[in-house]
Amino acid sequence: MLGKSIYTRRLGSVVAKNAKRRLSGKFHVIASNTKRWTVVSEGSVRPIRAFTSKTQALTFAKRFAISKHGAEVIVHSIDGQVSDRVAV
């Protein structure tokens, strides 16, 4: 059995479901280097969504956090420092 992969489709779907469950937690509103504001789940690299303004990103992040049954939205300034925390 050496050299045989243990990864299966079933295992992959379990991993994907567990990753989705981890979305309930903290969401960050961060300025990207493309002059857009992104909403990113804590522990993730990929943004959930990108916006042209900080206000739009914050509104989306709050609604998204509420839909995940209570979470925290952490707002960053352009230089990356935490400027505000919103518990929803």
Side-chain angles (χ1 to χ4, degrees):
M1 292 233 128
L2 286 175
K4 187 171 182 175
S5 175
I6 61 168
Y7 185 83
T8 63
R9 284 183 192 227
R10 185 173 182 198
L11 177 61
S13 66
V14 169
V15 170
K17 285 179 187 175
N18 288 336
K20 286 182 183 177
R21 285 189 197 131
R22 283 189 227 139
L23 281 177
S24 60
K26 296 180 182 179
F27 300 94
H28 296 262
V29 175
I30 304 170
S32 70
N33 54 0
T34 59
K35 299 188 181 193
R36 300 193 80 182
W37 289 88
T38 58
V39 177
V40 180
S41 176
E42 187 164 285
S44 177
V45 178
R46 298 184 73 193
I48 297 169
R49 196 152 174 207
F51 299 89
T52 55
S53 75
K54 185 176 185 176
T55 307
Q56 291 172 329
L58 184 56
T59 302
F60 173 81
K62 286 178 183 178
R63 288 182 183 161
F64 194 77
I66 289 169
S67 75
K68 297 299 176 191
H69 306 291
E72 183 178 19
V73 176
I74 302 167
V75 184
H76 296 263
S77 59
I78 292 177
D79 64 357
Q81 298 296 318
V82 175
S83 64
D84 193 16
R85 291 177 181 263
V86 182
V88 290

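Treat the numbers as computed from the prediction; the structure is a model and nothing was measured.
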Sequence neighbours excluded, the answer for side chain to side chain donor-acceptor pair (under 3.5 Å) partners of R85 is E72
Sequence neighbours excluded, which residues qualify as ring pair (Phe, Tyr, Trp, His ring centres under 6.0 Å) partners of F60? F51, F64
Non-neighbouring partners of T59 that pass side chain to side chain donor-acceptor pair (under 3.5 Å), sequence neighbours left out: none
Between T38 (side chain) and I30 (backbone), is there a donor-acceptor pair under 3.5 Å? yes
How far apart are the closest heavy atoms of V39 and A57, and which atoms are they? CG2-O, 3.5 Å
Looking at residues at least two apart in the chain, or sitting in another chain, which of them share a side chain to side chain contact (heavy atoms under 4.5 Å, CB included) with A31? W37
Taking only residues two or more places apart in sequence, or in another chain, which ones meet D79 in a side chain to side chain donor-acceptor pair (under 3.5 Å)? S77
Is V45 isolated, or which residues cluster with it under the ILVMFWY side-chain rule of less than 4.5 Å, directly or via members? none
Assess whether atom CD1 of I66 is packed by more than 12 heavy atoms of other residues, nucleotides or ligands within 6.0 Å. yes
Minimum-distance pair of heavy atoms, taken over all atoms of R46 and V40: O-CG1, 4.1 Å
Would you check if there is a donor-acceptor pair between the side chains of S53 and T55 at a distance under 3.5 Å? no
Just jot down the side chain to side chain donor-acceptor pair (under 3.5 Å) partners of H76, sequence neighbours excluded, or say none. H28
Do any pairs count as a salt bridge (charged side-chain N to carboxylate O under 4.0 Å, His left out) and have a residue in residues 53-65, sequence neighbours left out, and if so which ones? none
Run the side chain to side chain contact (heavy atoms under 4.5 Å, CB included) test against A65 and tell me which residues pass, sequence neighbours left out. F27, A71, V73, V88
